[in-house]
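Positions are given from 1 along the sequence.
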Amino acid sequence: MDWIRGHTIGHGSYAAVSVAKSRLSDEVFAVKSVELSKSQMLLKEQKILSKLSSPYIVSYKGFDVTKEKEKLMFNLMMEYMSDGTLSDEIRKQGGRINEPLVGYYTKQILQGLEYLHSRGIVHCDIKGQNILLGETGAKIADFGCARWIDPAERDGGVAVTSAEPIGYTPMFMAPEVARGEEQGCPADIWALGCTIIEMATGGSPWSNVTNAASLLYRIAFSGQSPEIPKLLSLQAKDFLNLVTTSPTSILDQDIWNSVEETETADSTTQVVSSMDCPLQRLRELGLNSGEPKWRWDDERWVAVRGSSSE
(Lines give C-alpha, C1' and ligand atoms only; values in the text may rest on other atoms or scores of the structure.)
Protein backbone atom coordinates (compact mmCIF):
# COMPACT_ATOMS: atom_id res chain seq x y z
CA MET A 1 0.00 0.00 0.00
CA ASP A 2 1.25 3.46 -0.86
CA TRP A 3 -0.99 4.97 1.81
CA ILE A 4 -1.56 4.45 5.54
CA ARG A 5 -5.00 3.78 6.95
CA GLY A 6 -5.87 5.81 10.04
CA HIS A 7 -8.80 5.78 12.42
CA THR A 8 -12.40 5.15 11.35
CA ILE A 9 -14.41 8.33 10.92
CA GLY A 10 -17.72 6.94 9.74
CA HIS A 11 -19.84 3.94 8.83
CA GLY A 12 -22.23 3.63 5.92
CA SER A 13 -24.84 1.00 5.20
CA TYR A 14 -22.31 -1.17 3.43
CA ALA A 15 -18.82 0.28 4.02
CA ALA A 16 -16.58 1.98 6.59
CA VAL A 17 -14.80 5.29 6.09
CA SER A 18 -11.31 5.95 7.47
CA VAL A 19 -8.89 8.84 7.36
CA ALA A 20 -5.77 7.97 5.36
CA LYS A 21 -2.38 9.48 4.51
CA SER A 22 -0.27 9.08 1.40
CA ARG A 23 3.21 7.65 1.96
CA LEU A 24 4.51 9.64 -1.01
CA SER A 25 3.08 13.11 -0.51
CA ASP A 26 1.70 13.12 3.06
CA GLU A 27 -1.67 14.12 1.59
CA VAL A 28 -4.56 13.34 3.93
CA PHE A 29 -7.73 11.92 2.36
CA ALA A 30 -10.71 9.76 3.23
CA VAL A 31 -11.02 6.14 2.13
CA LYS A 32 -14.24 4.17 1.98
CA SER A 33 -13.62 0.43 2.14
CA VAL A 34 -15.45 -2.86 1.90
CA GLU A 35 -14.46 -6.44 1.18
CA LEU A 36 -13.90 -6.95 -2.54
CA SER A 37 -16.47 -9.74 -2.66
CA LYS A 38 -19.11 -7.30 -1.37
CA SER A 39 -18.03 -4.24 -3.33
CA GLN A 40 -20.78 -3.95 -5.96
CA MET A 41 -22.37 -0.87 -4.38
CA LEU A 42 -19.03 0.82 -3.71
CA LEU A 43 -17.93 0.11 -7.28
CA LYS A 44 -21.08 1.83 -8.57
CA GLU A 45 -20.34 4.77 -6.27
CA GLN A 46 -16.79 4.93 -7.62
CA LYS A 47 -18.01 4.97 -11.22
CA ILE A 48 -20.38 7.86 -10.52
CA LEU A 49 -18.04 9.91 -8.33
CA SER A 50 -15.18 9.58 -10.80
CA LYS A 51 -17.28 11.45 -13.40
CA LEU A 52 -18.02 14.43 -11.15
CA SER A 53 -16.11 17.66 -10.62
CA SER A 54 -17.75 20.45 -8.63
CA PRO A 55 -16.81 22.61 -5.64
CA TYR A 56 -20.05 21.40 -4.05
CA ILE A 57 -19.36 17.67 -4.44
CA VAL A 58 -16.74 15.74 -2.46
CA SER A 59 -13.75 15.23 -4.77
CA TYR A 60 -12.77 11.86 -6.17
CA LYS A 61 -9.16 10.77 -5.45
CA GLY A 62 -9.03 7.29 -6.99
CA PHE A 63 -9.45 3.66 -5.95
CA ASP A 64 -7.43 0.53 -5.37
CA VAL A 65 -7.61 -3.02 -4.05
CA THR A 66 -5.51 -3.99 -1.03
CA LYS A 67 -4.94 -7.08 1.05
CA GLU A 68 -5.44 -6.45 4.75
CA LYS A 69 -5.72 -9.10 7.45
CA GLU A 70 -5.94 -11.79 4.78
CA LYS A 71 -8.88 -10.05 3.11
CA LEU A 72 -9.03 -8.29 -0.24
CA MET A 73 -10.48 -4.81 0.23
CA PHE A 74 -11.90 -2.43 -2.39
CA ASN A 75 -11.03 1.17 -1.44
CA LEU A 76 -12.56 4.39 -2.75
CA MET A 77 -10.42 7.47 -2.06
CA MET A 78 -12.11 10.83 -1.59
CA GLU A 79 -11.47 14.34 -0.36
CA TYR A 80 -11.16 14.55 3.44
CA MET A 81 -13.61 17.02 4.98
CA SER A 82 -12.17 18.00 8.35
CA ASP A 83 -15.33 19.28 10.03
CA GLY A 84 -17.39 16.10 9.74
CA THR A 85 -21.02 15.87 8.73
CA LEU A 86 -23.79 18.43 8.79
CA SER A 87 -25.48 16.31 11.47
CA ASP A 88 -22.30 16.60 13.56
CA GLU A 89 -22.42 20.37 13.16
CA ILE A 90 -26.03 20.48 14.35
CA ARG A 91 -24.99 18.73 17.56
CA LYS A 92 -21.97 21.04 17.98
CA GLN A 93 -24.27 24.05 17.66
CA GLY A 94 -26.38 22.85 20.57
CA GLY A 95 -29.13 21.10 18.64
CA ARG A 96 -29.86 23.50 15.80
CA ILE A 97 -28.04 25.83 13.41
CA ASN A 98 -28.72 29.57 13.28
CA GLU A 99 -30.66 30.81 10.29
CA PRO A 100 -27.88 32.63 8.37
CA LEU A 101 -25.73 29.49 8.52
CA VAL A 102 -28.68 27.33 7.44
CA GLY A 103 -28.99 29.58 4.40
CA TYR A 104 -25.27 29.36 3.65
CA TYR A 105 -25.28 25.55 3.70
CA THR A 106 -28.59 25.34 1.82
CA LYS A 107 -27.19 27.45 -1.00
CA GLN A 108 -24.20 25.13 -1.39
CA ILE A 109 -26.28 21.95 -1.26
CA LEU A 110 -28.63 23.40 -3.88
CA GLN A 111 -25.70 24.27 -6.12
CA GLY A 112 -24.43 20.72 -5.74
CA LEU A 113 -27.84 19.30 -6.67
CA GLU A 114 -28.07 21.59 -9.67
CA TYR A 115 -24.75 20.21 -10.89
CA LEU A 116 -25.75 16.58 -10.30
CA HIS A 117 -29.10 16.95 -12.01
CA SER A 118 -27.50 18.71 -14.97
CA ARG A 119 -25.30 15.64 -15.34
CA GLY A 120 -28.32 13.34 -15.29
CA ILE A 121 -27.71 12.01 -11.77
CA VAL A 122 -30.11 11.81 -8.82
CA HIS A 123 -28.40 11.55 -5.42
CA CYS A 124 -31.28 9.67 -3.76
CA ASP A 125 -30.13 10.12 -0.14
CA ILE A 126 -29.80 13.81 0.72
CA LYS A 127 -29.70 14.29 4.51
CA GLY A 128 -27.45 15.83 7.15
CA GLN A 129 -25.30 12.73 7.48
CA ASN A 130 -24.44 12.84 3.77
CA ILE A 131 -23.40 16.49 3.70
CA LEU A 132 -19.76 17.01 4.72
CA LEU A 133 -18.25 20.24 5.99
CA GLY A 134 -14.80 21.74 5.57
CA GLU A 135 -13.00 25.05 5.09
CA THR A 136 -15.07 25.95 2.02
CA GLY A 137 -18.41 24.98 3.53
CA ALA A 138 -20.74 22.11 2.60
CA LYS A 139 -20.28 19.40 -0.02
CA ILE A 140 -22.54 16.51 -1.03
CA ALA A 141 -21.10 13.06 -0.32
CA ASP A 142 -22.08 9.37 -0.25
CA PHE A 143 -23.26 8.33 -3.69
CA GLY A 144 -24.09 4.75 -2.75
CA CYS A 145 -27.78 5.27 -3.56
CA ALA A 146 -27.23 7.58 -6.56
CA ARG A 147 -28.66 6.68 -9.95
CA TRP A 148 -28.94 7.92 -13.49
CA ILE A 149 -32.14 9.73 -14.46
CA ASP A 150 -32.27 7.66 -17.65
CA PRO A 151 -32.49 4.03 -16.43
CA ALA A 152 -31.07 2.79 -19.73
CA GLU A 153 -27.97 4.97 -19.51
CA ARG A 154 -24.56 3.41 -19.02
CA ASP A 155 -21.63 5.20 -17.45
CA GLY A 156 -18.31 3.50 -17.14
CA GLY A 157 -19.96 0.15 -17.71
CA VAL A 158 -22.51 0.56 -14.88
CA ALA A 159 -26.16 0.33 -15.88
CA VAL A 160 -28.93 1.47 -13.56
CA THR A 161 -32.23 -0.30 -14.08
CA SER A 162 -35.69 0.09 -12.64
CA ALA A 163 -35.06 -3.05 -10.62
CA GLU A 164 -32.41 -1.28 -8.56
CA PRO A 165 -33.45 -0.82 -4.91
CA ILE A 166 -34.91 2.56 -4.02
CA GLY A 167 -32.63 4.77 -1.96
CA TYR A 168 -33.43 7.43 0.64
CA THR A 169 -33.81 7.36 4.40
CA PRO A 170 -37.53 7.14 5.30
CA MET A 171 -37.57 10.47 7.20
CA PHE A 172 -36.36 12.24 4.05
CA MET A 173 -38.35 10.27 1.48
CA ALA A 174 -40.63 12.05 -0.97
CA PRO A 175 -44.27 10.88 -1.33
CA GLU A 176 -43.86 9.40 -4.80
CA VAL A 177 -40.80 7.46 -3.63
CA ALA A 178 -42.68 6.13 -0.60
CA ARG A 179 -45.38 4.95 -2.98
CA GLY A 180 -42.77 3.20 -5.11
CA GLU A 181 -43.67 5.23 -8.19
CA GLU A 182 -40.47 7.01 -9.18
CA GLN A 183 -37.27 8.50 -7.86
CA GLY A 184 -36.20 11.53 -9.82
CA CYS A 185 -34.79 15.01 -9.31
CA PRO A 186 -37.86 16.34 -7.43
CA ALA A 187 -37.24 13.74 -4.71
CA ASP A 188 -33.79 15.28 -4.07
CA ILE A 189 -35.48 18.69 -3.71
CA TRP A 190 -37.96 17.27 -1.21
CA ALA A 191 -35.07 15.75 0.78
CA LEU A 192 -33.32 19.12 0.75
CA GLY A 193 -36.40 20.63 2.37
CA CYS A 194 -36.30 17.95 5.06
CA THR A 195 -32.61 18.68 5.58
CA ILE A 196 -33.35 22.38 6.06
CA ILE A 197 -35.80 21.43 8.80
CA GLU A 198 -33.15 19.16 10.32
CA MET A 199 -30.69 22.07 10.39
CA ALA A 200 -33.19 24.60 11.74
CA THR A 201 -34.61 22.42 14.52
CA GLY A 202 -32.10 19.64 15.16
CA GLY A 203 -35.00 17.22 14.98
CA SER A 204 -36.84 15.00 12.57
CA PRO A 205 -38.79 16.61 9.72
CA TRP A 206 -41.73 14.46 10.85
CA SER A 207 -43.19 14.49 14.38
CA ASN A 208 -45.13 11.86 16.31
CA VAL A 209 -43.58 8.96 14.42
CA THR A 210 -44.15 5.55 15.99
CA ASN A 211 -42.50 3.26 13.44
CA ALA A 212 -41.13 3.21 9.91
CA ALA A 213 -44.22 1.59 8.39
CA SER A 214 -46.61 4.20 9.76
CA LEU A 215 -44.22 6.98 8.70
CA LEU A 216 -44.02 5.70 5.13
CA TYR A 217 -47.80 5.41 4.93
CA ARG A 218 -48.16 8.96 6.26
CA ILE A 219 -45.66 10.34 3.74
CA ALA A 220 -47.10 8.37 0.82
CA PHE A 221 -50.83 8.87 1.29
CA SER A 222 -51.64 11.65 3.79
CA GLY A 223 -50.97 14.53 1.40
CA GLN A 224 -49.12 16.28 4.23
CA SER A 225 -45.77 18.03 4.12
CA PRO A 226 -43.34 18.28 7.04
CA GLU A 227 -44.21 21.09 9.44
CA ILE A 228 -42.28 24.28 8.72
CA PRO A 229 -40.43 25.53 11.83
CA LYS A 230 -42.15 28.57 13.34
CA LEU A 231 -38.82 30.10 14.37
CA LEU A 232 -37.77 30.78 10.78
CA SER A 233 -38.15 34.14 9.05
CA LEU A 234 -41.02 34.74 6.64
CA GLN A 235 -38.69 34.57 3.65
CA ALA A 236 -37.21 31.28 4.83
CA LYS A 237 -40.66 29.82 5.49
CA ASP A 238 -41.79 30.76 2.01
CA PHE A 239 -38.74 29.16 0.41
CA LEU A 240 -39.10 26.04 2.54
CA ASN A 241 -42.81 25.82 1.78
CA LEU A 242 -41.91 25.79 -1.92
CA VAL A 243 -39.18 23.17 -1.48
CA THR A 244 -41.34 20.82 0.60
CA THR A 245 -44.35 21.06 -1.68
CA SER A 246 -45.22 17.68 -3.19
CA PRO A 247 -43.03 17.08 -6.26
CA THR A 248 -46.20 16.60 -8.30
CA SER A 249 -47.30 20.11 -7.34
CA ILE A 250 -43.82 21.52 -7.88
CA LEU A 251 -43.87 20.28 -11.46
CA ASP A 252 -47.21 22.01 -12.07
CA GLN A 253 -46.32 24.60 -14.70
CA ASP A 254 -48.99 27.00 -13.35
CA ILE A 255 -46.92 27.57 -10.22
CA TRP A 256 -43.94 28.66 -12.26
CA ASN A 257 -46.04 30.77 -14.59
CA SER A 258 -47.56 32.65 -11.67
CA VAL A 259 -44.09 33.46 -10.36
CA GLU A 260 -42.60 34.36 -13.73
CA GLU A 261 -45.41 36.85 -14.39
CA THR A 262 -43.85 39.03 -11.67
CA GLU A 263 -40.41 38.97 -13.27
CA THR A 264 -39.08 41.49 -15.79
CA ALA A 265 -38.17 39.78 -19.02
CA ASP A 266 -34.63 40.31 -20.28
CA SER A 267 -32.19 38.65 -22.63
CA THR A 268 -30.57 36.66 -19.81
CA THR A 269 -33.76 35.02 -18.61
CA GLN A 270 -34.38 31.51 -19.85
CA VAL A 271 -37.47 29.41 -19.26
CA VAL A 272 -36.52 25.88 -18.29
CA SER A 273 -39.13 23.25 -19.00
CA SER A 274 -39.83 19.66 -18.00
CA MET A 275 -37.90 18.16 -15.08
CA ASP A 276 -35.37 21.02 -14.97
CA CYS A 277 -38.04 23.60 -14.13
CA PRO A 278 -38.29 23.17 -10.33
CA LEU A 279 -34.54 23.03 -9.86
CA GLN A 280 -34.01 26.12 -12.00
CA ARG A 281 -36.71 27.99 -10.10
CA LEU A 282 -35.16 27.05 -6.74
CA ARG A 283 -31.76 28.10 -8.03
CA GLU A 284 -33.13 31.52 -9.00
CA LEU A 285 -34.86 31.92 -5.66
CA GLY A 286 -31.82 30.95 -3.66
CA LEU A 287 -28.86 32.25 -5.60
CA ASN A 288 -29.90 35.72 -6.73
CA SER A 289 -27.81 37.42 -4.07
CA GLY A 290 -24.54 36.32 -5.67
CA GLU A 291 -22.87 36.48 -2.26
CA PRO A 292 -20.92 33.68 -0.57
CA LYS A 293 -23.30 33.67 2.39
CA TRP A 294 -27.02 34.21 2.71
CA ARG A 295 -28.63 36.29 5.42
CA TRP A 296 -32.24 35.28 5.72
CA ASP A 297 -33.11 38.32 7.83
CA ASP A 298 -32.38 40.96 5.19
CA GLU A 299 -34.88 39.99 2.48
CA ARG A 300 -32.46 38.40 0.02
CA TRP A 301 -34.92 35.55 -0.35
CA VAL A 302 -37.30 36.17 -3.25
CA ALA A 303 -40.92 36.28 -2.17
CA VAL A 304 -43.06 33.92 -4.21
CA ARG A 305 -46.30 34.14 -2.26
CA GLY A 306 -48.01 36.83 -0.25
CA SER A 307 -51.10 38.96 0.11
CA SER A 308 -51.58 42.16 -1.83
CA SER A 309 -51.01 44.15 1.37
CA GLU A 310 -47.48 42.80 1.83
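Remark: Met199 CE to Tyr105 OH distance equals 9.0 Å, nearest 0.5 Å. Here the CD1 atom belonging to Ile189 is positioned 11.0 Å from the CD1 atom belonging to Ile109, to the nearest 0.5 angstrom. The NZ atom of Lys38 sits 13.0 Å away from atom CG of Leu72, with the distance rounded to the nearest 0.5 Å.
A 4.5 Å side-chain heavy-atom check between Ile140 and Leu113 finds at least one atom pair inside the cut-off. Proximity of Met1 to Glu68: side-chain heavy atoms (C-beta onward) are separated by under 4.5 Å at one or more points. Ile57 places a side-chain heavy atom less than 4.5 Å from the side chain of Leu49. Annotation: side chain of Val65 is not in contact with side chain of Asn75 (no heavy-atom distance under 4.5 Å). Residues Met73 and Asp64 are not in side-chain contact: their nearest non-hydrogen atoms beyond the backbone lie 4.5 Å or more apart. Using a 4.5 Å heavy-atom cutoff, the side chains of Ile9 and Tyr80 are in contact. Side-chain contact check for Tyr60 versus Met78: every heavy-atom pair is 4.5 Å or farther apart. Looking only at side-chain heavy atoms (C-beta outward), Leu76 and Val31 stay at 4.5 Å or farther from each other.
A donor-acceptor pair shorter than 3.5 Å cannot be found between the side chains of Asp2 and Ser22. For the 3.5 Å distance criterion, the side chains of Glu99 and Tyr104 fail to qualify, holding no donor opposite an acceptor.
Between the side chain of Lys44 and the main chain of Gly144, a donor-acceptor pair closer than 3.5 Å is present. Side-chain atoms of Gln108 come within 3.5 Å of backbone N or O of Thr136 as a donor-acceptor pair. A donor-acceptor pair under 3.5 Å links the side-chain atoms of Glu198 to the main chain of Gly128, judged by distance alone. Remark: the backbone N or O of Gln129 is paired with a side-chain donor or acceptor of Ser87 at under 3.5 angstrom. Ser222 places no side-chain N or O within donor-acceptor distance of the main-chain N or O of Ile219, the cut-off being under 3.5 Å. Panel note: side chain Arg147, backbone Val122; no donor-acceptor pair is recorded below 3.5 Å. In this structure, the side chain of His123 does not engage the main chain of Cys185 through any donor-acceptor pair within 3.5 Å. Remark: the backbone N or O of Asp238 is not paired with any side-chain donor or acceptor of Asn241 at under 3.5 angstrom. For the pair Asp125 (side chain) and Thr169 (backbone), a donor-acceptor distance under 3.5 Å is present. Although no hydrogens or angles enter the test, the distance criterion places a donor-acceptor pair under 3.5 Å between the side chain of Trp190 and the main chain of Met173.
Taking each heavy atom of Leu36 and Ser39 in turn, the nearest pair found is O-OG, 2.7 Å. Minimum interatomic distance between Pro205 and Ile197 (heavy atoms only, all atoms of both residues): CA-CG2, 3.8 Å. Ser33 approaches Ala15 most closely through the heavy-atom pair O-CB, 3.3 Å. When all heavy atoms of Trp148 and Arg119 are compared, the closest pair comes out as CZ3-O, 3.7 Å. Nearest heavy atom pair, residue Lys237 against residue Leu232, reads CE-O, 3.1 Å. The two residues Arg179 and Phe221 make their nearest non-hydrogen contact at CD-CE2, 3.7 Å.
Tyr115 has its ring centre no less than 6.0 Å from the ring centre of Tyr56.
Connection of Met81 to Val28 is not established within any shared hydrophobic cluster, with ILVMFWY side chains joined at heavy-atom distances below 4.5 Å, either directly or through further cluster members.
Residue Gln224 places its CD atom among more than 12 non-hydrogen atoms of other residues, nucleotides or ligands, all under 6.0 Å distant. Within 6.0 Å of atom CD in Glu89, more than 12 heavy atoms from other residues, nucleotides or ligands are found, so the atom counts as buried in its surroundings. Counting heavy-atom neighbours within 6.0 Å of Tyr217 OH, excluding the residue itself, gives a total of 12 or less.
Salt bridge annotation for Lys92-Asp83: absent, with no cationic side-chain nitrogen under 4.0 angstrom from a carboxylate oxygen. Lys61 and Glu27 are joined by a salt bridge, as a carboxylate oxygen and a charged side-chain nitrogen come within less than 4.0 angstrom of each other.
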